[in-house]
Colleague: 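One structure is given below, represented as structure tokens, and several questions about it will come after.
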Amino acid sequence: MANESLANGGGTRNPRPSSLSSLELDSSLDHSVQTRIFKIIVIGDSNVGKTCLSFRFTGGSFPEKTEATIGVDFREKTVEIEGEKIKKLNRNSLPPSFLPSPQVQVWDTAGQERFRKSMVEHYYRNVHAVVFVYDVTKMTSFQNLKTWIQECNGHHVSPVVPRVLVGNKCDLVGQIQVPSNTALKFADAHNMLLFETSAKDSKESQNVESIFMCLACRLKAQKSLLYRDVERQDGKVKLSQESASKNSCPC
Ligand SMILES: Nc1nc2c(ncn2[C@@H]2O[C@H](COP(=O)(O)OP(=O)(O)OP(=O)(O)O)[C@@H](O)[C@H]2O)c(=O)[nH]1
Ligand SMILES: [Mg+2]
């Protein structure tokens, strides 16, 4: 598993605080600046397609066969936002306004109680964003969202942590049980964006991508606030923190 302190810090690897208001990267430690990691958890009933959605996003295809997830599966993808796509780069070549490209770490969680109970604390610890998934062909999976949201709130996930709602299996057109209007009202009531999509239908792959990219954009906008100015001094990169907040997410 990746180092959780990275996910939680939202900064770069090996940051060495030099004061309360700045972070300094020492060239003697590492000649590179690596990506920030955004921890995004995917939550919902068993069989709604959480594994397939996270696989579609990170692997670009629909898995032929899946088994119930036990505990958690991690999948990672470095994302390009505003033209930046650099997983690891030499800090001597940093442009003055450099911000490392983020890496989305998808936590594909288990829907079955028996496979998740020992892991629940880990799911929610230092999470950056939450994806709630239901199956559009199964009303109970939609009704159970209340319970999933309660669980999330019960783990003190901050209200500023972005959440989105995903109705999966839209390719099963003749079997839809959850009307879009109903889902939209629910999403509005809980201050979430709604995505209706299909992990299976390759024509929907862009839509699946949008779920995670939307969250990554929001998170990157939040983190940009923390590291506004990048300065180089005596061979060191200095990242000044900023506390004000501004959201430049396009979605
Ligand atoms: N038709 C259709 N089937 C899907 C879609 N996504 C997933 N499935 C199927 O739904 C079943 C369950 O998918 P998973 O991704 O394993 O479900 P899960 O939510 O991860 O389940 P747990 O790991 O038990 O929590 C599998 O048979 C998938 O092939 C979809 O978009 N369309
Ligand atoms: Mg699964």
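Whatever order the structure lists them in is the order used to number ligands and atoms, beginning at 1.
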Colleague: Around the Mg ion (ligand 2), list the protein N/O/S atoms within a radius below 2.8 Å, excluding water molecules.
Modeller: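 Protein N/O/S atoms under 2.8 Å of the Mg ion (ligand 2): T51 OG1, T69 OG1.
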
Colleague: Looking at atom 23 (O) of ligand 1, what's its closest protein heavy atom, distance included?
Modeller: T69 N, 2.7 Å

Colleague: For a side-chain contact (heavy atoms from CB on, under 4.5 Å) with V136, tell me which candidate from C170, P179, S141 qualifies.
Modeller: C170

Colleague: Does only the side chain of V48 get under 4.0 Å from ligand 1, or the backbone, or both, or neither? Count heavy atoms.
Modeller: both

Colleague: Nearest protein heavy-atom contact for atom 15 (O) of ligand 1: which residue, which atom, what distance?
Modeller: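 Here the nearest protein heavy atom works out to C52 N, 3.0 Å.
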
Colleague: Of all the non-hydrogen atoms in the protein, which one sits nearest to atom 6 (N) of ligand 1, and at what distance?
Modeller: N168 ND2, 3.1 Å

Colleague: With a 4.5 Å limit on heavy-atom distance, are the side chains of V131 and V166 in contact?
Modeller: yes

Colleague: What I'd like to find out is whether the side chain of F115 reaches to under 4.5 Å of the side chain of S46, using heavy atoms alone.
Modeller: no

Colleague: Would you mind listing which atoms of ligand 1 come within a distance below 4.0 Å of any non-hydrogen atom of S198?
Modeller: 31 (O)

Colleague: Heavy-atom distances under 4.0 Å decide this one: backbone, side chain, both or neither, for F115 against ligand 1?
Modeller: neither

Colleague: Angle class for the H155/Y124 ring planes (parallel below 30°, perpendicular above 60°, tilted otherwise)?
Modeller: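 H155 vs Y124 ring planes: parallel.
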
Colleague: Give the residue and atom name of whichever protein heavy atom lies nearest to atom 17 (O) of ligand 1, and the separation in Å to one decimal.
Modeller: G49 N, 3.2 Å

Colleague: Identify, by atom number and element, the atoms of ligand 1 in contact range of L172, meaning under 4.0 Å from any of its heavy atoms.
Modeller: 1 (N)

Colleague: Show which atoms of ligand 1 fall inside a sub-4.0 Å distance from at least one heavy-atom site of G111.
Modeller: 22 (P), 25 (O)

Colleague: For F62 and A199, work out which heavy atoms get closest and say how close.
Modeller: CD1-O, 3.3 Å

Colleague: At what distance is the nearest protein heavy atom to atom 31 (O) of ligand 1, and which residue and atom is it?
Modeller: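 Minimum-distance protein heavy atom for atom 31 (O) of ligand 1 reads A199 N, 2.9 Å.
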
Colleague: Just jot down the side-chain hydrogen bond (donor to acceptor under 3.5 Å, both in side chains) partners of D171, sequence neighbours excluded, or say none.
Modeller: S198

Colleague: Starting from atom 3 (N) of ligand 1, what is the nearest protein heavy atom, named by residue and atom, and what distance separates them?
Modeller: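 Atom 3 (N) of ligand 1 sits closest to the protein heavy atom K169 CD, 3.9 Å.
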
Colleague: Tell me, do H190 and L165 make a side-chain contact under 4.5 Å, heavy atoms counted?
Modeller: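 H190 vs L165: side chains apart.
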
Colleague: For D45, take its heavy atoms, then give the atoms of ligand 1 lying under 4.0 Å from any of them.
Modeller: 19 (O)

Colleague: Please say which of E209, E204, K169 ends up in a side chain to side chain donor-acceptor pair (under 3.5 Å) with T197.
Modeller: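 The single option meeting the side chain to side chain donor-acceptor pair (under 3.5 Å) with T197 is E204.
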
Colleague: Would you kindly confirm whether L184 and M139 end up in one hydrophobic cluster when ILVMFWY residues are joined by side chain heavy atoms under 4.5 Å apart?
Modeller: yes

Colleague: List ligand 1 atoms under 4.0 Å from K50, heavy atoms only on the residue side.
Modeller: 15 (O), 17 (O), 18 (P), 19 (O), 20 (O), 21 (O), 22 (P), 25 (O)

Colleague: Tell me, do L193 and C214 make a side-chain contact under 4.5 Å, heavy atoms counted?
Modeller: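 In contact.
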
Colleague: Measuring from non-hydrogen atoms of D135 to any atom of ligand 1, is the shortest distance under 4.0 Å?
Modeller: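 No heavy atom of D135 comes that close to ligand 1.
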
Colleague: Please examine the side chains of H122 and V72, heavy atoms only from C-beta on, and report whether any two atoms are closer than 4.5 Å.
Modeller: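 No - every pair of side-chain heavy atoms lies 4.5 Å or more apart.
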
Colleague: Under a single-linkage definition using a 4.5 Å side-chain heavy-atom cutoff for Ile, Leu, Val, Met, Phe, Trp and Tyr, are V79 and F55 assigned to the same hydrophobic cluster?
Modeller: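 No: no chain of side-chain contacts under 4.5 Å links V79 to F55.
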
Colleague: Under 4.5 Å between side-chain heavy atoms, hopping through other hydrophobics if needed: is there a path connecting F74 to V127?
Modeller: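 Result: yes, single cluster for both.
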
Colleague: Quick one: does NZ or CZ of K77 land under 6.0 Å from the six-membered ring centre of F57, within 45 degrees of the ring axis?
Modeller: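 Yes - K77 lies over the ring of F57, closer than 6.0 Å to its centre and within 45° of its axis.
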
Colleague: Can you list the ligand 1 atoms lying under 4.0 Å from a non-hydrogen atom of D171?
Modeller: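 Once the distances to D171 are compared, the set is 1 (N), 2 (C), 30 (C), 31 (O), 32 (N).
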
Colleague: To the nearest 0.1 Å, how far is atom 27 (O) of ligand 1 from its closest protein heavy atom, and which atom is that?
Modeller: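 Its nearest protein heavy-atom neighbour is T66 OG1, 4.5 Å.
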
Colleague: Can you tell me which residue among T109, V106, T69 is in a side-chain contact (heavy atoms from CB on, under 4.5 Å) with V42?
Modeller: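 Answer to the side-chain contact (heavy atoms from CB on, under 4.5 Å) test with V42 among T109, V106, T69: V106.
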
Colleague: Any link between L172 and L194 through a network of hydrophobic side chains (Ile, Leu, Val, Met, Phe, Trp, Tyr) touching at under 4.5 Å?
Modeller: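 Result: no, two separate clusters.
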
Colleague: Considering only non-hydrogen protein atoms, determine which one is nearest to atom 11 (C) of ligand 1 and report residue, atom name and distance to 0.1 Å.
Modeller: N47 OD1, 3.6 Å

Colleague: Please state which part of D201 comes within less than 4.0 Å of ligand 1, counting heavy atoms only: side chain, backbone, both or neither.
Modeller: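 For D201, no heavy atom sits under 4.0 Å from ligand 1.
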
Colleague: Check whether any heavy atom of F62 sits under 4.0 Å from an atom of ligand 1.
Modeller: yes

Colleague: For A68, counting its heavy atoms only, list the atoms of ligand 1 lying under 4.0 Å from any of them.
Modeller: 23 (O), 24 (O)

